[in-house]
Amino acid sequence: MINLSKYQQIFDIDNTAERCKKVNDTMEQLWKSELEQLASELLGQDYRIATYGQTLMTTYHDALNPKYAEQKKDSSIGKKYFAQIARQIGDKEINLLTIEFNGVDKQLYVYAEMSFYQAHELIKTGRLLPMLNELDSELRIFIRKDSFTRDEIHRSALEKTLNAMVKPRTRPWILFGQAVPLEGEYEVIEIINMARRIWESTLDLRNYVIEERKYNARAAHILALIASVEAPYVITMFGYPYEIHYGALENEKSGTRQQEFTLKRDGQTIVQGHFYYSEYDVRTGLNKRVVAVNVENNNHIYADVSVLLDDHHKEWWIPKSFKMQNQDNEALKHRALDLLKEHGIQVRNDSEYLTGTYNNSEQQFEEDPAVIKGRFACAALLFAHVSGRGSFQFPENQVITDEATTDTLVDDDSEETVDYNSNFNFSVIYETIQNCSLTFDKDLIRDLHLNLTALDDKHFVILSGISGTGKTQLAKLYANAVYGLPYEADNPYLSIIPVRPDWTDGTALFGYYSSFENRYIMTEFLRVLLHAHKEREKPHFIVLDEMNLARVEYYLSDYLSGVESHKEIPLHNRDDLEEIPSKISIPPNLYLIGTINVDETTHSISDKVLDRAFVMTLSDVDLETFWNRLDDGIRAGLQNEFAYLKRLHGILAPYHLHFGYRTMNEMLQKMSRNLTLNVEDQASRKAMLDQVISEKVLPKLKGDDRITDLLKELKETFAEHLGQQSTSYGHIMRMEKELLRYGATQFWR
């Protein structure tokens, strides 16, 4: 006999460490053992019992550690307990049955579960309602919105509820089972029998989940075959030799893995693109087992992997189409397919091309996967060349040689119409940002989010901090996340405008009428402003990069006045200008982010501007997280160098002379590139470390007698690690002497 009321009392314990320990001691052994017996009876084998126990004990120990105690003080961990019957299918684990004691909802839940994507697939194929009708009438349906909240949904409203979640990108799990209040006494066998009944009544649902996961695992295997290719691919295109190099495969992010590729000639980078390997699409809420390829952030290939999943050999024919505005798309398609044929790719029906053949019984391509992947990259490059999207073009002034007809390319269903849907839900935005390789913590992202959205009619944030801390990247990352786009994607609702030192008035932003040219001089700022008025439902982001290179209060005064007064800003007084209005207001869907550096080349920000903006300072640099997100190749070869640069960063930080991510990345990249040279051509590792420090860190070193101790510490560490003959040591010796003689010093003489 167990007392659920006592379980609830344990969940209500305020102290995190005490609560986690008590929950684990009371529930872990009992329910893990009971579910193990049930699983053995129901399945016999091929299962694992997953529980909350490890999380509880990890949190318990962290809460006792002074380093993490404050952070864990208000944690919700330990306010529930669960045990699950799980099964591994492919590289993912699915939960077949869960017993959950939820201290926040104050309910005992027993359920089988289905992901949003699986349920949405049933909706799209018209199978959800028939499946629901076959379920036991006593089964209840819950939506799991977060770790603790389960909202009950009547089965007749489930389809409508899930459809309404597509556009805002809400992706909950759907639970099918029973719930009873966490109160009173129950026999353990009563709860186990409840679990057994739910297991039996969700047979069809469970079979669908398992089969769908197996199907996805087969598709994931195909994606993995292509993604695993790392060796460069040598090709000849338009008579020129090229190499395609592949970057590191990133970890899965919302169902998608990303991999950069680079087209090079004679070691020179020509253009870059990305492979995307996806099992589902967060934006549309659909299972999309695809290989997508873009060039310069423009999508050119979108190949459905599902067409290969058969019981036999399956040729991978990929349709190709163009959807370019104001262009002859049929002519573009014929030109692209002609180029594929010229480069040795088989084409049929003037609409699709062959990339390879997949053997389902052996689960392998008949061709080398390196050829398949190389064809994808080459096809995307040719489509970019034909479409004119971006700045990339192949030179076509040489005849294709016989060598160019070898394995080169592959096409795909390219230009999907992109529906840009914005979403200011912070959880959705943060999840998108977490999928990026850049290093920004949650507190910083939340602060930017609130600063931009707290006011309904004014959105103006200034990002300050040392150079290289990612101010501009943060602005772009946030704007893209609002639209559910990765950092690298081209966002038509984001404009990054570099500020020029000669901006002295509002015409720098709003333009002016030129009597000499008899036309209105349009600016990027005004173009975005006009577009924001046309699409008022869409947020438009403008980043004024290095905005204090000019006096901000001079060129931004019209904007600040317009935002505060809600009055229109005059642009001109002519009657013959139809495209440019005589006056314009600042719409509430315009979001302005300015980045500033503070040094002798910039201007201070006046109180007039500061009073109208949220000012954020980005000075903290999380080098450890930055290091962990670098390519394994760099991390494997430069551990000692990174450790020393991190130590150097710690020495400089108290004097506000430390460096940011950009500087660290560029130093590591140079040292890594040095290690790729022939051994006889390499500089020694110590000499190269000395060079990057003297070239990237020390040039910004300056100050008065307040940096006396800093110079002493730098001299000691350089002597110990780099030697007294090093360039960096010599610079510090000179600066020490100058400081003693003149009372101030700087790197530059």
Side-chain angles (χ1 to χ4, degrees), residues 4 8 76 79-86 94-183 191 194-213 254-255 280-287 421 423 425-428 431 484:
L4 296 184
Q8 184 62 56
S76 296
K79 293 185 178 181
K80 70 175 181 181
Y81 175 82
F82 65 78
Q84 300 169 322
I85 301 175
I94 61 172
N95 297 321
L96 302 178
L97 185 70
T98 300
I99 297 177
E100 175 188 316
F101 302 91
N102 189 316
V104 174
D105 272 357
K106 299 182 178 181
Q107 296 282 315
L108 159 62
Y109 295 101
V110 182
Y111 56 82
E113 66 183 23
M114 176 186 294
S115 74
F116 176 89
Y117 300 96
Q118 292 166 334
H120 199 213
E121 181 83 7
L122 291 174
I123 292 174
K124 289 298 181 181
T125 56
R127 292 180 289 162
L128 180 63
L129 290 180
M131 183 173 286
L132 293 179
N133 291 334
E134 293 296 322
L135 292 177
D136 190 314
S137 60
E138 294 185 358
L139 277 182
R140 298 161 65 183
I141 301 176
F142 304 91
I143 297 291
R144 185 171 74 202
K145 291 186 174 180
D146 55 40
S147 297
F148 296 97
T149 305
R150 286 87 176 93
D151 292 341
E152 185 168 4
I153 302 292
H154 193 276
R155 63 182 63 191
S156 63
L158 181 60
E159 182 169 329
K160 182 179 179 181
T161 300
L162 296 181
N163 281 331
M165 293 177 173
V166 173
K167 188 173 181 179
R169 303 197 297 276
T170 304
R171 304 291 179 258
W173 286 78
I174 300 91
L175 315 179
F176 302 84
Q178 291 291 343
V180 297
L182 270 182
E183 57 186 36
I191 298 174
M194 182 192 304
R196 183 181 286 104
R197 290 194 301 272
I198 290 170
W199 176 273
E200 294 170 351
S201 60
T202 56
L203 173 63
D204 291 342
L205 182 149
R206 182 170 61 257
N207 286 341
Y208 163 71
V209 170
I210 292 173
E211 290 306 312
E212 194 273 344
R213 182 57 239 160
S254 299
Y280 55 86
D281 187 335
V282 174
R283 186 170 54 87
T284 62
L286 294 173
N287 283 321
N421 292 316
N423 189 338
N425 182 294
F426 178 72
S427 297
V428 174
E431 180 181 354

Do [X] and [Y] have side chains that approach each other closer than 4.5 Å (heavy atoms only, starting at C-beta)?
X: I143; Y: F116; answer: no
X: I191; Y: V180; answer: no
X: V282; Y: Y280; answer: yes
X: I198; Y: F176; answer: no

Between [X] and [Y], is there a donor-acceptor pair closer than 3.5 Å when you use the side chain of the first and the backbone of the second?
X: E152; Y: I141; result: no
X: S115; Y: Q118; result: yes
X: N102; Y: F148; result: yes

From [X] atom [atom1] to [Y] atom [atom2], the distance as rounded to the nearest 0.5 Å:
X: E121; Y: M114; atom1: CD; atom2: CE; value: 11.0 Å
X: L139; Y: L175; atom1: CG; atom2: CG; value: 11.5 Å
X: H120; Y: I123; atom1: NE2; atom2: CD1; value: 5.5 Å
X: E431; Y: R171; atom1: CD; atom2: CZ; value: 9.5 Å

Could you check K80, Q107, R150, Q84 and say which one makes a side chain to side chain donor-acceptor pair (under 3.5 Å) with E100?
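Of the listed options, the one satisfying the test is R150.
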
Test salt bridge (Lys or Arg N to Asp or Glu O under 4.0 Å) on E138 and R197; report intermediate values, then the result.
CA-CA 10 Å; E138 294 185 358; R197 290 194 301 272; 5.9 Å; no

Please determine, by modelled atom types, if E212 and Y117 share a side-chain donor-acceptor pair under 3.5 angstrom.
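Not at all, the side chains of E212 and Y117 share no donor-acceptor pair under 3.5 Å.
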
Is the distance between the ring centroids of F142 and Y109 under 6.0 Å?
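Ring-ring flag for Y109/F142: true, centres closer than 6.0 Å.
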
Could you walk me through whether L162 and I174 pass the side-chain contact (heavy atoms from CB on, under 4.5 Å) check?
CA-CA 10 Å; L162 296 181; I174 300 91; 4.1 Å; yes

